[in-house]
2 protein chains.
Amino acid sequence: MDATESLRDRKKLRTREQLVAAATELFAERGYDAVTVGEIAERAWVSERTFFRYFGAKEDVLWPDSGEQLALFAATIEARPAVEHPLESVRNAMIELGRALGMDATAALTRARIVAATPSLVARDMLEYSRWEGAVRDAVRRRTGADERDLAPEMTAVVAGGALRVSFERWVADGARGDLAEMIGGAFAAVEGAIRD
Amino acid sequence: MDATESLRDRKKLRTREQLVAAATELFAERGYDAVTVGEIAERAWVSERTFFRYFGAKEDVLWPDSGEQLALFAATIEARPAVEHPLESVRNAMIELGRALGMDATAALTRARIVAATPSLVARDMLEYSRWEGAVRDAVRRRTGADERDLAPEMTAVVAGGALRVSFERWVADGARGDLAEMIGGAFAAVEGAIRD
DNA sequence: CCTGTTTTTGGCAGTCATTGACATCTGACA
DNA sequence: TGTCAGATGTCAATGACTGCCAAAAACAGG
């Protein structure tokens with residue numbers, strides 16, 4: 001509740017943000033591989049060692065809040081009314097979340113381009129998606145009380161996670177114009193067509 | 001056509017196989033991170049430098065034929081009769097492929113365990129799946145002549161790739177007993193249930 | 001079998017990511 | 001102001017890669 005945390009905490013937060021900003025700028029300018037952690041640290045006014053105190057690895061700086069966002073997403077799904085169809089819950093959760101995070105389109109676009117340009121980052125990104133998928137799967141299982149061996153929750157999660165991923169990719173490909181929420185809705189709708197005929 | 005290629009080629013192939021075998025054994029024994037490239041090279045009777053002539057990175061040795069397999073998969077899909085429903089084609093292609101590759105269950109299991117134990121390898125694995133997904137998407141697009149902006153082929157690919165991934169994971173979790181092809185069929189079937197209600 | 005040519009290897013040095021150990025500095029607080 | 005815990009900087013070491021050059025092996029022709 002206290003917006004004025006200790007000086008220490010504020011400094012820590014600022015350093016963290018500077019590291020993320022410095023890294024993003026440098027990556028955007030020269031490409032991920034051509035930037036060293038030392039350079040990122042230098043631009044953020046800290047030592048290289050300190051970078052690793054904030055982020056476990058160079059690439060982690062591109063997913064600064066993945067843990068929090070995942071937790072938030074999971075909580076948002078759980079909070080949806082139980083009568084909703086699972087896919088509907090996920091879709092709404094994603095839309096709610098998109099609003100809550102206040103998505104800075106420009107920043108998201110920059111980041112997406114950096115990631116797309118380097119295979120190892122794309123891989124890491126897929127790993128993030130798979131974690132969201134896991135959250136969906138767990139939520140669906142809990143809600144439907146499905147057996148752990150039932151593949152239905154897994155596939156629901158595959159569809160939900162895939163819709164998010166595909167929508168985001170398309171949104172980025174379009175230069176972050178257009179409405180992401182709408183695109184997600186479209187992706188979910190497309191599954192119907194994909195399944196039937 | 002010539003089973004007796006040049007000595008050079010045969011040696012190269014043997015070295016490659018030895019590297020893969022050495023790496024797999026060591027990873028299984030001690031875990032991916034605890035094994036150095038130098039140790040792998042040593043057990044394969046070559047220098048560390050040579051390892052990197054065969055594989056661009058340490059982790060690549062766990063996906064020795066990913067390119068070929070992907071190409072084979074793509075070709076197999078394309079070869080399915082055009083009247084088949086896309087998902088059906090993909091399912092059959094996967095089943096055909098599983099047979100053609102002669103899946104060594106034990107080896108697959110060992111590999112899967114190594115991968116599952118290390119996040120960066122899981123990420124790389126997801127990247128591989130996304131490439132298969134891309135192949136499916138392209139095939140569906142070509143076959144249906146869908147517009148590039150149509151999300152249907154993307155989602156068909158998501159479902160197909162997801163079914164493969166989920167099935168394989170389950171198969172591995174079950175200790176590679178059971179029929180993988182059958183499990184894939186089950187995953188595809190589960191989508192119906194997941195979508196409707 | 002001998003010899004000049006083409007590949008494949010090995011050895012080395014250098015860069016960069018990542019980590020542990022230890023000294024120093026700084027905000028928090030009595 | 002003096003002390004303590006937490007944050008940072010420094011240093012050294014390991015291990016993944018890469019470029020470069022020289023030795024070894026496989027080829028091809030005579």
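Any value given below was found using the heavy atoms of this structure, including those in side chains, with hydrogens, waters and symmetry copies removed.
Between B/Y32 atom OH and D/dG15 atom C1' there is a gap of 11 Å when expressed in whole angstrom units. Between A/F52 atom CZ and D/dC11 atom C1' the separation is 15 Å, expressed in whole Å. Here the P atom of nucleotide C/dA17 and the CZ atom of A/R53 are 17 Å apart, to the nearest Å. Going from atom CH2 of A/W45 over to atom C1' of C/dC25 covers 18 Å, rounded to whole Å. In this entry the distance linking CZ of B/F51 with P of C/dG11 reads 17 Å, nearest Å. Rounded to whole Å, the distance from CG on A/L7 to P on C/dC29 is 11 Å. In this structure, B/E42 places its CD atom 17 Å from C1' of C/dT9, rounding to the nearest Å. As a whole-Å value, the separation of B/Q18 CD from C/dT9 C1' is 14 Å.
The listed nucleotides are C/dG11, D/dA26, C/dT26; the one nearest the side chain of A/R8 is C/dT26. Comparing D/dA16, C/dT18, D/dG9 against the side chain of A/K58 picks out C/dT18 as the nearest. Considering only side-chain atoms of A/S47, the nucleotide from C/dG11, C/dT18, D/dG9 that sits closest is D/dG9.
Distances shown here put a side-chain N or O of A/K12 below 4.0 Å from the OP1 or OP2 atom of D/dA7. Side-chain nitrogen and oxygen atoms of A/Y54 include none within less than 4.0 Å of the OP1 or OP2 phosphate oxygen of D/dA7. A sub-4.0 Å separation between OP1 or OP2 of D/dA26 and a side-chain N or O of B/K11 is present. Under 4.0 angstrom from either OP1 or OP2 of D/dC27 there lies at least one side-chain N or O belonging to B/S6. Neither OP1 nor OP2 of C/dC16 sits under 4.0 Å from any side-chain N or O of A/T36.
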Quiz item: What do the steps show when you test A/Y129 against A/W132 for ring-ring contact (aromatic ring centres under 6.0 Å, His included), and what is the final call?
Solution: CA-CA 5 Å; A/Y129 276 115; A/W132 283 51; 7.5 Å; no
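Of the charged side-chain nitrogens involved, none lies within less than 4.0 Å of a carboxylate oxygen, so that A/R141 and A/D150 do not count as a salt-bridged pair. Ion pair B/R142/B/E78 flagged as a salt bridge, since at least one NZ, NE, NH1 or NH2 atom sits closer than 4.0 Å to an Asp/Glu carboxylate oxygen. Note on A/R43 versus A/E29: salt bridge recorded, some NZ/NE/NH1/NH2 to OD/OE distance being below 4.0 Å. With respect to B/E17 and B/R14, no salt bridge is recorded, no charged nitrogen being found less than 4.0 Å from a carboxylate O.
Cation-pi contact between A/K58 and A/F27: absent, since separation from the ring centre below 6.0 Å together with deviation from the ring axis within 45° is not met.
Comparing B/V37 and B/D9 by the nucleotide of DNA chain D that holds the closest heavy atom to each, the one mapping nearer the 5' end is B/V37.
No side-chain heavy atom of B/R111 sits under 4.5 Å from any side-chain heavy atom of B/V20.
Side chains of B/S89 and B/R143: a donor-acceptor N/O pair is present below 3.5 angstrom, by distance only.
A donor N or O paired with an acceptor N or O is found under 3.5 Å between the base of C/dG20 and the side-chain atoms of A/R49.
Direction change of the helix axis from one end of the helix from C/dC1-D/dG30 to C/dA30-D/dT1 to the other is 10°, with five pairs defining each end axis (rounded to 10°).
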